[in-house]
Protein chains: 2
Amino acid sequence: MSRKYRSDAMAAIHEMMEDLHDGGVIDKKTMRRFDHACLTPVRPLKPKEIKAIREREHVSQSVFANYLNVTSSLVSKWERGEKRPSGPSLKLLSLVEKNGLAVVS
Amino acid sequence: MSRKYRSDAMAAIHEMMEDLHDGGVIDKKTMRRFDHACLTPVRPLKPKEIKAIREREHVSQSVFANYLNVTSSLVSKWERGEKRPSGPSLKLLSLVEKNGLAVVS
DNA sequence: TGAATTGTGGCACTGAGTGCTATAGAATAG
DNA sequence: CTATTCTATAGCACTCAGTGCCACAATTCA
């Protein structure tokens with residue numbers, strides 16, 4: 001419950017910030033700083049970490065790949081260190097790591 | 001509220017399915033079919049659609065890029081049709097389109 | 001037994017994504 | 001008013017992520 005509460009609170013704060021921004025109370029610069037500070041940090045993930053995330057979710061590479069909209073071939077390569085996820089892929093993996101597979105359903 | 005309720009319900013159902021799977025009640029094949037049917041469909045997005053999504057969230061290309069963990073340069077190219085998002089990027093954009101920027105915070 | 005799933009492995013290819021720079025207009029600060 | 005910052009577009013070169021294909025062995029299920 002605490003996790004859900006936290007994200008709901010964040011969503012509420014965000015909405016408030018957006019309203020303030022729409023009303024011209026705060027500028028985009030402030031908005032930008034705020035957003036940047038709020039984002040879930042995205043750190044590079046090691047092959048074993050990726051495999052650990054997937055196994056914690058009790059899914060095969062194939063199912064995992066479907067959730068992330070990538071090929072199962074790629075998931076295999078991530079976990080063996082043949083390819084390293086970057087940019088959008090890292091973001092998705094970080095989201096799953098923090099919030100579980102449900103957030104990308 | 002209805003949106004939150006829906007995702008919570010889905011999360012609960014998923015947990016139940018996982019428990020069933022752990023208990024050996026259902027097999028991985030069934031799990032796979034279930035997951036595939038549950039996923040948010042990811043359709044290719046047109047440049048204008050991407051721009052519409054971002055503007056609906058009241059953020060600049062730069063802020064939007066930070067959320068998705070890509071460069072602002074790339075967001076610009078998406079919106080002008082110079083590059084087309086694919087795989088993980090499309091998944092992220094679809095998530096934002098359906099659930100708002102909060103889900104990738 | 002036969003059929004399907006899972007994971008590894010390899011190979012070639014395309015283009016997504018990065019990084020840099022420059023530009024111009026709009027907004028903000030001082 | 002001026003100086004600075006943010007905004008978005010634009011171009012260019014480059015790397016390697018991601019795709020698609022195949023084959024293989026081990027496992028699981030009908």
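Quick note on labels: first sequence line is chain A, next is B, and so on, each numbered from 1. Values in this document were obtained by computation on a predicted structure and should not be read as measured data.
- Taking 4.0 angstrom as the limit, B:S76 places none of its side-chain polar atoms (N or O) nearer than this to OP1 or OP2 of D:dA8.
- DNA chain D contains the following stems of three or more consecutive Watson-Crick or G-U pairs, with both distances under 3.5 Å: C:1-5 with D:26-30, C:7-23 with D:8-24, C:25-30 with D:1-6.
- Atom CD in A:Q61 sits about 14 Å away from atom C1' in D:dA26, given to the nearest Å.
- Remark: A:R54 is in phosphate contact with C:dG7, judged by side-chain N or O atoms under 4.0 Å from OP1 or OP2.
- Regarding B:E79, its CD atom lies at a distance of 12 Å from the C1' atom of D:dT7, rounded to whole Å.
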Legend entry - Contact state string [nucleotides 13-18 of chain D, B base, S sugar-phosphate only, - no protein heavy atom under 4.0 Å]: ----BB
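- B:H58 has its NE2 atom 16 Å from the P atom of D:dT7, to the nearest Å.
- In this structure, the separation between CG on A:L101 and CG on A:L95 is 11.0 Å, given to the nearest 0.5 Å.
- Counting only heavy atoms from C-beta outward, the side chains of A:V103 and B:V103 never approach each other to under 4.5 Å.
- Note: CZ (B:F64) to P (C:dG17) measures 13 Å, nearest angstrom.
- An OP1 or OP2 oxygen of D:dT7 is reached within less than 4.0 angstrom by a side-chain nitrogen or oxygen of B:S60.
- Using a 4.5 Å heavy-atom cutoff, the side chains of A:L68 and A:V96 are in contact.
- We find the CD-CG distance between B:E79 and B:L74 to be 10.0 Å, quoted to the nearest 0.5 Å.
- The side-chain heavy atoms of A:L92 and A:N69, taken from C-beta on, include no pair separated by under 4.5 Å.
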